[in-house]
Amino acid sequence: MNPPGATARPWAAPLAWLTLAAALRALFLYRPLLDADMYVTGLMARHILDGHFPIFFYGQPYCGTIEAFLTAPIFALLGATPVTLCLTPLLVSLVFVWLVYLVCRDMWGRQAGLMAMALAAVPPYLFLWHNVLPRAAYIEIPTLSLLLVWLAFRLVHRKPTSLLNFTYGLVAGVGFWTHFLISYALTATALYLLLADWRVLARRSLPLMLAGFILGSL
């Protein structure tokens, strides 16, 4: 039996947890402590505003610049400061918290979604701290990995549309460009899809996934 008002205000509890998540993360913006790697992310964002398009983190042949590209418009609107540099991972972390709710609600129901969202909103200190550090991929990879898990789940347990197959590949490709750590989620979800239906290799879904992967990783 649902508590009174649950039907009338289904988004009240998720929004409350999201607000708490934002408030906790905002505390770290009072006096952000940045190191050289974090400043490089800001430098790349400044260069993007100047018309450059860095592919990988400066000085490395890996680690994509998705965070720098997300930071560039924030710099354009609010200026380049240590606080605005930390806004991108903070906002991505809120997407992660919201995504936790949506994924778990889809898999196990609303109550499970709220419980999981509470844990994501108020996580252990180390994870919470890294939610606001502009280290290029620290929060982006968990977010993309969770999205990949959700897409795999929906491909198996919901209607496996062409768009869903392509999106799975696209997210995997963007994640592969962002950091090779996406391989853990990619391997697990690929095995999940194969174990659910090995014939996926013989269907048109595979070319769609590969096309999405190529596009995303480019």
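Bear in mind that the values here come from a model prediction, so they are computed numbers and not experimental data. Throughout, numbering of the chain's residues begins at 1 and tracks the sequence.
Screening Tyr138, Tyr125, Phe28, Phe96 for a ring pair (Phe, Tyr, Trp, His ring centres under 6.0 Å) involving His130 leaves a single residue, Tyr138.
Hydrophobic cluster membership differs between Val122 and Val95, with clusters built from Ile, Leu, Val, Met, Phe, Trp and Tyr side chains linked at under 4.5 angstrom. Under the 4.5 Å side-chain contact rule for hydrophobic residues, Leu94 and Leu114 share a cluster. Linking ILVMFWY residues whenever their side-chain heavy atoms come closer than 4.5 Å, directly or via other members, places Leu85 and Leu49 in the same cluster. Under a hydrophobic-cluster definition in which Ile, Leu, Val, Met, Phe, Trp and Tyr are linked whenever side-chain heavy atoms come within less than 4.5 Å, directly or via other members, Ile182 and Val103 are assigned to the same cluster. Transitive grouping of hydrophobic side chains (ILVMFWY, heavy atoms separated by less than 4.5 Å) brings Phe176 and Tyr62 into a common cluster.
Distance CG/Leu43 to OG1/Thr71: 12.0 Å, rounded to 0.5 Å. With values rounded to the nearest 0.5 angstrom, Leu144 atom CG is found 9.5 Å from Leu99 atom CG. Annotation: the span from Cys86 atom SG to Met38 atom CE amounts to 7.5 Å, rounded to 0.5 Å. Put simply, OG on Ser205 and CG on Leu210 are 9.5 Å apart, with the number rounded to the nearest 0.5 Å. How far CD of Gln60 is from CG of Asp37: 7.0 Å, rounded to the nearest 0.5 Å. Rounded to the nearest 0.5 angstrom, Leu34 CG and Leu133 CG are separated by 8.0 Å.
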Yes or no on side-chain contact (heavy atoms from CB on, under 4.5 Å) for Ile141 and Phe180, after CA distance, side-chain angles and deciding distance? CA-CA 9 Å; Ile141 286 299; Phe180 297 144; over 6 Å; no
As a quick check of understanding, evaluate side-chain contact (heavy atoms from CB on, under 4.5 Å) for Val156 and Asp197, giving each step before the final call. CA-CA 8 Å; Val156 173; Asp197 186 1; over 6 Å; no
Could you please spell out the steps behind the side-chain contact (heavy atoms from CB on, under 4.5 Å) verdict for Tyr58 and His47? CA-CA 11 Å; Tyr58 287 166; His47 288 172; 2.7 Å; yes
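Formation of a donor-acceptor pair under 3.5 Å by the Thr84 side chain with backbone atoms of Ile74 is not found in this model. Side-chain atoms of Arg105 never come within 3.5 Å of backbone atoms of Tyr101 as a donor-acceptor pair (strictly under, hydrogens ignored). For Arg154 (side chain) and Asp106 (main-chain N/O), no donor-acceptor pair under 3.5 Å exists by modelled atom type.
The nearest pair of heavy atoms linking Met44 to Ala68 is CB-CB, 3.8 Å. When all heavy atoms are compared, the tightest approach of Arg110 to Pro10 is NH2-O, 2.7 Å. Between Leu70 and Thr88, the shortest heavy-atom distance links the atoms CB-CG2, 3.6 Å. Closest of all the heavy-atom pairs between Ala136 and Thr178 is O-CG2, 4.5 Å. Between Pro142 and Ala137, the shortest heavy-atom contact is CD-O, 4.3 Å. Of all heavy-atom pairs between Pro89 and Glu67, the closest is CB-OE1, 4.0 Å.
Looking at Ile66 and Trp177, their side chains come closer than 4.5 Å, going by heavy atoms from C-beta outward. Looking only at side-chain heavy atoms (C-beta outward), Pro54 and Ile48 come within less than 4.5 Å of each other. Side-chain contact between Met117 and Leu18 is present, with at least one heavy-atom pair separated by less than 4.5 Å. Here the side chains of Val97 and Trp17 are not in contact, with every heavy-atom distance at 4.5 Å or above. At least one side-chain heavy atom of Leu87 sits less than 4.5 Å from a side-chain heavy atom of Leu29. Ser145 has its side chain out of reach of Leu181: every pair of non-hydrogen atoms, C-beta onward, lies at least 4.5 Å apart.
Applying the 6.0 Å contact sphere to CZ of Arg158 captures more than 12 heavy atoms from other residues, nucleotides or ligands. For CG of Leu77, the number of neighbouring non-hydrogen atoms (other residues, nucleotides, ligands) closer than 6.0 Å is greater than 12. In Phe56, the CZ atom is crowded: over 12 heavy atoms of neighbouring residues, nucleotides or ligands sit closer than 6.0 Å. Tyr192 OH: more than 12 foreign heavy atoms inside a 6.0 Å radius.
If you check the side chains of Tyr168 and Thr189, you find a donor sitting under 3.5 Å from an acceptor.
Partners of Thr41 according to the side chain to side chain donor-acceptor pair (under 3.5 Å) rule, which considers only residues two or more places apart in sequence or in another chain, do not exist here.
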